[in-house]
Protein chains: 2
Amino acid sequence: MSPARARTSGAAIVTAARELLEDGGLEAVSMAGVAQRVGIRPPSLYKHFGDRSDLLAAVMTDTALDLGRILTDVVERSDEDPTAQLHALAAAYRSFALATPRAAALLFADVAAGATPTLESQAEAVRPVLRVAEAMVGPTKALAAARVLTAFAYGFTSMESAGAFHLGGEVDDAYQLGLSVLAFGLERAAAGTSQEAAR
Amino acid sequence: MSPARARTSGAAIVTAARELLEDGGLEAVSMAGVAQRVGIRPPSLYKHFGDRSDLLAAVMTDTALDLGRILTDVVERSDEDPTAQLHALAAAYRSFALATPRAAALLFADVAAGATPTLESQAEAVRPVLRVAEAMVGPTKALAAARVLTAFAYGFTSMESAGAFHLGGEVDDAYQLGLSVLAFGLERAAAGTSQEAAR
DNA sequence: ACCTGAACACCGTTCAAGT
DNA sequence: ACCTGAACACCGTTCAAGT
């Protein structure tokens, strides 16, 4: 009659799944592996998540929210100019992506059984970028600028983690070059907009 | 005594796998599904590929070689200046990525059972970019510039295909903005290098 | 030389039964 | 309310046997 005490929680399951993901990739995130890690049997997982795809989606959402917190902190703790904030954001993102490469690679992808993070969590992760972009180029071009910056940082770190940069050379320098070029060009695009507005 | 006639080929198997990949994602590329599509039984696939991971790697290599041919054609058929060639390359890459989004998303990723395209095929796909980058910024910065350009185009199209750009706005415009900004900034970086060299 | 059916271990998922 | 063992369909893979 007395209900079985919960031996785990949704949060603990997501944490276990994230650990398995980083250790062994997507295929290592099996219902059996996750269940074992949290100390229950596979069927019990279905009391917490509808199916494996739901669990993977929760992993991605959790990752996106973590990233959002990190990037928000970077922006809020800084009183520098937008360009400096952009460099700080990019550095923080790269650290995050290199610390948890498999989760980061899934953030804006669609390769895991159709699982995707919630739109809100994705928006949360990108919000600080959007904010800095708006400070740099104004509200009209902010969304496009944020997309450009996110695409570069996400693409670069995904490739880096996947080992796609194997021709030698300094990978750090390439990331910095990209950032500098984007920051400079976006400032110039903003100036162009101001000139147009001044006419 | 007479050996069984081959009813399929490695190339036909790879083609079938690519079709299944685009139609239903990675999970749709099952040995059973691929075998059925080429008209043999699953065990026979192991006469052509060591295991599923090998087959996926062949799919990625095939994709990379296709892309390499497309991009090489773009550069070779053009007598424009490097910046115009860069825009042509980027447009061709985006068309490719939107035509076969799942394969394109895997090109520089590491999410499919540890399968990756051969290094040569990856190099083949990127070679035209490296060539145009060198024409723009010179040999010293060519590798870094090519990485920046590839990261942007790959990241952008991966995000676009995954549905990560869901806040409205013109996605085309954002891609063009990124390209213009990168092209302008890289030209400027090249000028900087020339000035240094002139000192 | 390639193809096949049978078999095995494994995985995601369901469900009736337990507390 | 959550957990469990048993069961099912499915998947990747192996292998001896066929031609």
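The structure displayed is predicted, hence computed values, not measured ones. In the text below, chain A, chain B and the rest are named by the order of the sequence lines, each starting its count at 1.
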If you check the A:Tyr46 side chain, which of C:dC11, C:dT14, D:dT13 turns out closest? C:dT14

Mind calculating the distance between NE2 (B:His48) and P (C:dC2) to the nearest angstrom? 6 Å

Distances under 3.5 Å between nitrogen or oxygen atoms of protein and nucleotides 5-9 of chain C:
unit_1, atom_1, unit_2, atom_2, d
C:dG5, OP2, B:Arg41, NE, 3.2

Applying salt bridge (Lys or Arg N to Asp or Glu O under 4.0 Å) to B:Arg94 and B:Glu160, what does each step give before you reach the verdict? CA-CA 10 Å; B:Arg94 184 147 175 261; B:Glu160 183 178 10; 2.8 Å; yes

Whole-Å gap separating P (C:dT4) and CG (B:Leu45): 10 Å

What is the distance from NZ of B:Lys47 to P of D:dA16, rounded to the nearest Å? 11 Å

Side chain proximity check, A:Glu187 to A:Val137, heavy atoms < 4.5 angstrom: no

In whole angstroms, how far is the P atom of D:dC11 from the CD atom of B:Gln36? 10 Å

The answer to which of A:Ala32 and B:Ser9 contacts DNA chain C further toward the 5' end, by nearest nucleotide, is B:Ser9

Can a donor-acceptor pair be found, under 3.5 Å and without considering hydrogens, that links the side chain of A:Ser44 to the backbone of A:Ile40? no

In whole angstroms, the gap separating P of C:dA1 from CZ of B:Arg7 amounts to 17 Å

Among B:Asp66, B:Thr100, B:Asp23, find the residue that satisfies the side chain to side chain donor-acceptor pair (under 3.5 Å) test when tested with B:Arg18. B:Asp66

Rounded to the nearest angstrom, tell me the gap between atom CG in A:Asp51 and atom P in C:dT14. 8 Å

Do A:Tyr154 and A:Tyr93 have their ring centres less than 6.0 Å from each other? no

Tell me which nucleotide among D:dT13, C:dC3, D:dC2 gets nearest to the side chain of B:Pro42. D:dT13

Evaluate ring pair (Phe, Tyr, Trp, His ring centres under 6.0 Å) for B:Phe165 paired with B:Phe156, printing each intermediate quantity in order. CA-CA 9 Å; B:Phe165 294 147; B:Phe156 194 98; 4.9 Å; yes

Take atom CZ of A:Phe49 and atom P of D:dC2, then tell me their distance rounded to the nearest Å. 12 Å

Round to a whole Å and report the spacing from CZ of B:Arg52 to P of D:dG12. 6 Å

Could you check whether any side-chain N or O of B:Arg52 sits under 3.5 Å from a backbone N or O of B:Val29, counting only pairs where one atom can act as donor and the other as acceptor? yes

Residues 175-186 of chain B, side-chain donor-acceptor partners within the protein, below 3.5 Å, at least two apart:
unit_1, atom_1, unit_2, atom_2, d
B:Tyr175, OH, B:Ala90, O, 2.8
B:Ser180, OG, B:Gln176, O, 2.9

A:Pro117 backbone acceptor or donor facing A:Ser121 side chain under 3.5 Å: no

When you measure from the side chain of B:Ile40, which nucleotide among D:dC11, C:dT4, D:dC2 comes out closest? C:dT4

Only stems of 3 or more consecutive Watson-Crick or G-U pairs count here, both distances under 3.5 Å; name the ones for DNA chain D, or none. C:4-8 with D:12-16, C:12-16 with D:4-8

